[in-house]
Number of protein chains: 2
Amino acid sequence: MTRNGRDRVDNPEANGQVRASVCGEADHAVLSAHEALAVVLQIRAGELCVLLWRRALPPCEGEWALPGGRLGAGESLGASIRRQLAQKVDVRDLSHLEQLETRSDPDRHPQRRTLATAYLGLVPANIDPVVPADTGWHPAALLPPMAFDHASIVRSGHHRLRAKLSYTNVGFALAPPEFTMSELSGYYRAALGHDVAATNLRRVLLRRGQIEETGRSVPSGRSGGRPAALFRFRTRGLEITDAFAVLRPPG
Amino acid sequence: MTRNGRDRVDNPEANGQVRASVCGEADHAVLSAHEALAVVLQIRAGELCVLLWRRALPPCEGEWALPGGRLGAGESLGASIRRQLAQKVDVRDLSHLEQLETRSDPDRHPQRRTLATAYLGLVPANIDPVVPADTGWHPAALLPPMAFDHASIVRSGHHRLRAKLSYTNVGFALAPPEFTMSELSGYYRAALGHDVAATNLRRVLLRRGQIEETGRSVPSGRSGGRPAALFRFRTRGLEITDAFAVLRPPG
DNA sequence: TCAAAAGTGTTTAATGTACACCCATGC
DNA sequence: GCATGGGTGTACATTAAACACTTTTGA
């Protein structure tokens, strides 16, 4: 992947590890570059998509990468990824953000030792953030050629989303503020990768107290049909609504 | 990941920054100290305990801390925590190790910016690793005064263990190779914090295919009683045995 | 009146807890 | 025999998937 001199300009210490003396503390701290990355997912046109940008320069020129970048001074990883998503890809409307995992394979970056902490970010289905020209949404099920270990990070984020849809109210982060049950079942289908019957989803989420009726409904379309009731999530913060049915305390 | 120069534009606020001047190269990489920590848990005398060591020097002198330390050159975080547990606290018999989370609060370390990636490590109940004098096991439910954010990391690890006991076979990592059901229910009780009926635990774990009978049994004690059958976990690697009962694919 | 989409009722199945009862052993 | 701890059988509750049926609308 390395094939011209510009690599050195961007990534000089191609030698992996870096030592530095910090704050007058005469120790042998091993310092490493650290970046925050985000798997930003959104349901678009009935399909789960991930936000990627195309690398214009080596390494991995032409391949697609997760948005993110280096951790700033005095910045937590969570603040860092929020800042970078806002600045670089103009995504400010995250309905949910959580840490996924930290990748530390010494060979994950071909030129220099770089640790990456990945986040899972969700954007509700109703909005369409403007993103730069080199940035776009790709189906999570059909990823383009991707840089570094980013493809496996996307799969990790997708896996986390699927799991959490089963035992938390994280659906609030995929859906717009109000929705019909058939719309919501479409979001679940896209995220889970299999059909979700709207009729049963309604009962499950109502029983768990995740959603409630707004009292309003949307008129039926040209082809007729009963008007659909509008629902909303009762809270728009993550809650575990289905503590595991097993091994629960007696009584 | 250097995003084609945007990093420089976006990160002008890099003051107070730990900058490494390396090899005479003026690079903009923000480097930070990174350490791996481990929440090592074991059931000891019917109680869930965590391995801690007592700090002899400031900061947080006299408080208790998680084992771990700085990431070495060319070392992944997982390899690093394994090495440090073996070298520093002589723990080599981890039955399970998984990444928990990365802490990055700029103020988490009073003296210098330090990121920490925490792991959850489990030691089976039958062994008793020799640990240094300044190191000891403490009940996870009654933690001593702890350094930095380590107390909350322990709680995070305990929470992870409780959750995984419900839907994975992670019990294999708490139990010795063979065990009676009443012993196993004791481990579950210690880890979960509530009673677990051995009779039902047996059926649940058998139905899920997690455990199997060895065919042997242990003689009853002085007070009599039927001899207890010996069981073992069918696999000693982590498996999800109870995919969530909800929102599963049709068919 | 008919088609279409939404919503309700009911059946079936899986899972897990509680609890009564039976079994095997030591004394 | 009988106390003790282990093991089995069974009743009950909860959950949710499947599917037939009813309701409400547009044309």
Side-chain angles (χ1 to χ4, degrees), chain A residues 46 165-169 171 178-189 192 194-231 240-251, chain B residues 46 165-169 171 178-189 192 194-231 240-251:
Chain A
L165 278 173
S166 276
Y167 67 96
T168 74
N169 66 342
E178 301 192 347
F179 46 84
T180 67
M181 285 314 300
S182 75
E183 287 165 355
L184 189 63
S185 78
Y187 305 142
Y188 272 72
R189 175 174 54 247
L192 292 173
H194 62 77
D195 271 348
V196 176
T199 176
N200 288 331
L201 183 65
R202 172 201 185 108
R203 260 182 294 219
V204 168
L205 298 188
L206 279 172
R207 174 169 24 198
R208 294 182 177 179
Q210 284 192 27
I211 61 173
E212 63 188 1
E213 277 191 88
T214 65
R216 280 170 302 126
S217 59
V218 293
S220 47
R222 298 108 194 89
S223 60
R226 179 168 168 172
L230 279 172
F231 289 80
I240 294 176
T241 59
D242 192 43
F244 306 108
V246 298
L247 304 174
R248 57 170 166 264
Chain B
L165 278 173
S166 277
Y167 67 97
T168 74
N169 67 342
E178 302 192 347
F179 47 84
T180 67
M181 285 314 299
S182 75
E183 287 165 356
L184 189 63
S185 78
Y187 306 142
Y188 273 72
R189 175 175 52 245
L192 293 173
H194 62 77
D195 271 348
V196 176
T199 176
N200 288 329
L201 183 64
R202 172 199 184 107
R203 261 183 294 219
V204 168
L205 298 189
L206 279 173
R207 176 170 9 185
R208 293 181 178 179
Q210 285 191 27
I211 62 173
E212 63 189 1
E213 277 192 87
T214 64
R216 280 171 301 128
S217 58
V218 293
S220 47
R222 296 111 195 84
S223 61
R226 179 170 168 172
L230 279 173
F231 289 81
I240 293 177
T241 60
D242 192 44
F244 305 108
V246 297
L247 304 174
R248 57 169 167 264

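Computed from a predicted model, the values in this text were never measured in an experiment. Here is the naming used below: chain letters follow the sequence lines, and residue numbers restart at 1 for every chain.
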Original post:
When rounded to the nearest 0.5 angstrom, what distance separates OG1 in Thr241(A) from CD1 in Ile211(A)?
Top reply: 11.0 Å
Subject >> Length of the line joining Arg208(A):CZ and dT14(D):P, which is rounded to integer Å >> reply: 16 Å
**OP:** Scan Ala229(B) against the nucleic acid and name what it touches under 4.0 Å (heavy atoms): base, sugar-phosphate only, or nothing.
**Re:** sugar-phosphate
Original post:
What pair of heavy atoms forms the shortest contact from Pro227(B) to Pro219(B), and how long is it?
Top reply: CB-CA, 4.4 Å
Subject >> Nearest non-hydrogen partners of Gly225(A) and Ser220(A), listed with the distance >> reply: O-CB, 2.7 Å
Subject >> Nucleotide-resolved protein contact map, nucleotides 19-27 of chain D, B/S/- at heavy-atom distance under 4.0 Å >> reply: ----BBBSS
**OP:** Side chain of Ser182(B) only, please: which of dG6(D), dT8(D), dA6(C) is the nearest?
**Re:** dG6(D)
**OP:** Pick base, sugar-phosphate or nothing for Arg207(A), based on heavy-atom distances below 4.0 Å to the nucleic acid.
**Re:** base
**OP:** Find the distance Asp242(B):CG to dT15(D):P and express it as a whole number of Å.
**Re:** 15 Å
**OP:** Would you mind reading off the distance between Leu206(A) atom CG and dG7(C) atom C1', rounded to a whole angstrom?
**Re:** 11 Å
Original post:
For the pair made of CG in Leu205(B) and C1' in dG16(C), what is the distance, rounded to whole Å?
Top reply: 12 Å
Original post:
How many Å lie between OH on Tyr167(B) and P on dT15(D), as a whole number?
Top reply: 20 Å
Original post:
Do Leu230(A) and Phe179(A) have side-chain heavy atoms sitting under 4.5 Å apart?
Top reply: no
Original post:
Got a second to check how far Thr168(B)'s OG1 is from Gln210(B)'s CD, nearest 0.5 Å?
Top reply: 7.0 Å
Subject >> Nucleotide dG16(C), atom C1' - distance to CG of Leu201(B) in whole Å >> reply: 12 Å
Original post:
Pairs in or reaching into residues 215-231 of chain A: which pass salt bridge (Lys or Arg N to Asp or Glu O under 4.0 Å), with residues at least two apart or in two chains?
Top reply: Glu178(A)-Arg216(A)
Original post:
Can you tell me if the side-chain N/O atoms of Arg202(A) get under 4.0 Å from OP1 or OP2 in dT8(C)?
Top reply: yes
